[in-house]
2 protein chains.
Amino acid sequence: MDSLFEALAHPTRRRILELLKGGGMSAGAIAERFDVSKPTMSGHFAKLRAAGLVQAEIRGTSTIYTLNLSTLEEVMMAFMARLGVGDDATEPREESA
Amino acid sequence: MDSLFEALAHPTRRRILELLKGGGMSAGAIAERFDVSKPTMSGHFAKLRAAGLVQAEIRGTSTIYTLNLSTLEEVMMAFMARLGVGDDATEPREESA
DNA sequence: AGACTAATAAGCTTATCGGCTAACAAAGGC
DNA sequence: GCCTTTGTTAGCCGATAAGCTTATTAGTCT
């Protein structure tokens with residue numbers, strides 16, 4: 001959980017996730033979209049991997065990164081639930097009937 | 001958005017939010033629950049305020065912090081939507097019918 | 001084998017973060 | 001008026017994060 005929120009703390013890493021929404025991309029292809037060096041990007045990838053937010057598949061000389069939304073969804077929902085967001089019991093219950 | 005994710009990046013700050021789920025609390029009462037100095041806690045409060053995650057109401061000599069869930073919900077939902085989470089169009093649509 | 005490409009690892013620098021103590025500001029109570 | 005309580009501000013320090021350049025690893029191709 002800590003590693004996930006830390007990973008999300010950096011704008012570049014959040015943008016990487018958005019980029020991957022459209023499907024897997026190689027490390028180089030992703031790096032091209034940003035104004036930082038490739039090693040710096042590699043560091044960002046490592047944090048996203050550590051958080052379980054992306055999966056890396058080595059294909060020949062390339063590394064293809066794909067989004068792992070289930071991790072994000074799980075952790076986010078767990079956290080929101082702990083705060084009572086989306087929890088029907090939090091508010092005085094104003095159901096339709 | 002940046003300030004919100006930065007605020008959430010620290011475990012102590014996430015725990016503060018959970019603590020506030022039960023209702024408003026004074027800065028001192030919150031600080032008692034943690035093993036860090038009061039000035040350090042004050043710094044955490046400042047970041048949560050900057051992110052709009054809590055509201056401060058000065059009551060006499062005390063500062064009462066209350067949770068501001070709407071900010072969290074808004075930003076989280078916007079972010080998730082950008083990634084396609086909870087978006088029906090993402091998966092091949094396997095509705096009941 | 002050797003050259004080239006893709007990505008990461010190593011090493012370094014700078015800036016920011018999280019913690020502390022000490023000092024300060026403001027409100028309340030005696 | 002003064003002391004106490006509460007919380008924040010100021011100033012400092014060590015650790016970590018984010019960036020860079022250079023070096024290394026691993027795969028492909030000729």
Side-chain angles (χ1 to χ4, degrees), chain A residues 1-20 22-68 72 75 79, chain B residues 1-20 22-68 72 75 79:
Chain A
M1 179 136 190
D2 283 23
S3 64
L4 189 137
F5 277 103
E6 268 177 40
L8 292 180
H10 200 287
T12 295
R13 290 191 289 264
R14 291 198 301 273
R15 283 218 294 141
I16 292 172
L17 295 180
E18 289 181 36
L19 211 54
L20 289 179
M25 286 177 72
S26 75
I30 300 171
E32 273 177 11
R33 311 293 203 86
F34 296 85
D35 275 343
V36 294
S37 70
K38 249 177 5 170
T40 295
M41 289 302 289
S42 191
H44 286 312
F45 297 147
K47 290 202 171 142
L48 290 172
R49 264 185 277 128
L53 284 167
V54 300
Q55 272 174 328
E57 180 205 349
I58 295 172
R59 176 104 62 100
T61 167
S62 286
T63 306
I64 309 294
Y65 284 105
T66 52
L67 197 50
N68 193 348
L72 179 68
V75 176
F79 175 63
Chain B
M1 177 139 191
D2 282 25
S3 64
L4 188 138
F5 277 103
E6 267 177 41
L8 292 181
H10 201 285
T12 294
R13 289 191 291 263
R14 292 197 301 275
R15 283 217 293 141
I16 291 173
L17 295 180
E18 291 180 36
L19 211 53
L20 289 178
M25 286 177 72
S26 75
I30 300 170
E32 272 178 12
R33 311 291 202 90
F34 296 85
D35 274 342
V36 294
S37 71
K38 256 192 335 190
T40 296
M41 290 301 289
S42 190
H44 286 311
F45 296 148
K47 290 199 172 146
L48 290 172
R49 264 185 279 130
L53 283 167
V54 300
Q55 273 175 328
E57 181 205 348
I58 295 172
R59 176 104 62 101
T61 166
S62 286
T63 307
I64 308 295
Y65 283 105
T66 51
L67 197 49
N68 193 348
L72 179 69
V75 176
F79 175 64

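Keep in mind the model is a prediction, meaning the values are calculated, not measured. Values below: every heavy atom of this structure, side chains too, minus hydrogens, waters and symmetry copies.
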N/O (side chain, [X]) to phosphate O (OP1/OP2, [N]) under 4.0 Å:
| X | N | value |
| --- | --- | --- |
| B:Ser26 | D:dG7 | yes |
| A:Tyr65 | C:dA6 | no |
| A:Thr12 | D:dA18 | no |
| B:His44 | C:dG19 | yes |

Between [X] ([atom1]) and [N] ([atom2]), how many Å, whole number?
| X | N | atom1 | atom2 | answer |
| --- | --- | --- | --- | --- |
| B:Glu57 | D:dT8 | CD | P | 14 Å |
| A:Leu48 | C:dT8 | CG | C1' | 15 Å |
| B:Phe5 | C:dC17 | CZ | P | 17 Å |
| A:Arg49 | C:dA9 | CZ | C1' | 12 Å |
| A:Ile64 | C:dA6 | CD1 | C1' | 11 Å |
| B:Glu32 | D:dT6 | CD | P | 9 Å |

Once the angle between the rings of B:His44 and B:His10 is folded into 0 to 90°, is it parallel (under 30°), tilted (30 to 60°) or perpendicular (over 60°)?
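B:His44 vs B:His10 ring planes: tilted.
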For B:Phe5 together with A:Phe5, are the ring centres under 6.0 Å from each other?
no
Given 3.5 Å as the limit, does a donor-acceptor pair link the side chain of A:Arg13 with the main chain of A:Glu6, or not?
yes
Could you run through nucleotides 11-17 of chain D and give me one letter per nucleotide, 5' to 3': B if any protein heavy atom sits under 4.0 Å from the base, S if only the sugar-phosphate is that close, - if neither?
------S
List the protein contact pattern of nucleotides 20-30 of chain C with one symbol per nucleotide (5' to 3'): B for base contact, S for sugar-phosphate-only contact, - for none; contact means a heavy-atom distance under 4.0 Å.
BBB----SS--
Side chain to side chain, [X] and [Y], heavy atoms closer than 4.5 Å:
| X | Y | value |
| --- | --- | --- |
| A:Met1 | A:Phe79 | yes |
| A:Leu17 | A:Val54 | yes |
| B:Phe34 | B:Met41 | yes |

Residue from A:Thr66, A:Leu67, A:Asn68 passing side-chain contact (heavy atoms from CB on, under 4.5 Å) with A:Leu20:
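Among A:Thr66, A:Leu67, A:Asn68, the one meeting side-chain contact (heavy atoms from CB on, under 4.5 Å) with A:Leu20 is A:Leu67.
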Mind checking what makes side-chain hydrogen bond (donor to acceptor under 3.5 Å, both in side chains) contact with A:Arg33, not counting sequence neighbours?
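Partners of A:Arg33 under the side-chain hydrogen bond (donor to acceptor under 3.5 Å, both in side chains) test: none.
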side-chain contact (heavy atoms from CB on, under 4.5 Å) between B:Thr12 and B:Thr40, intermediate numbers included:
CA-CA 11 Å; B:Thr12 294; B:Thr40 296; over 6 Å; no
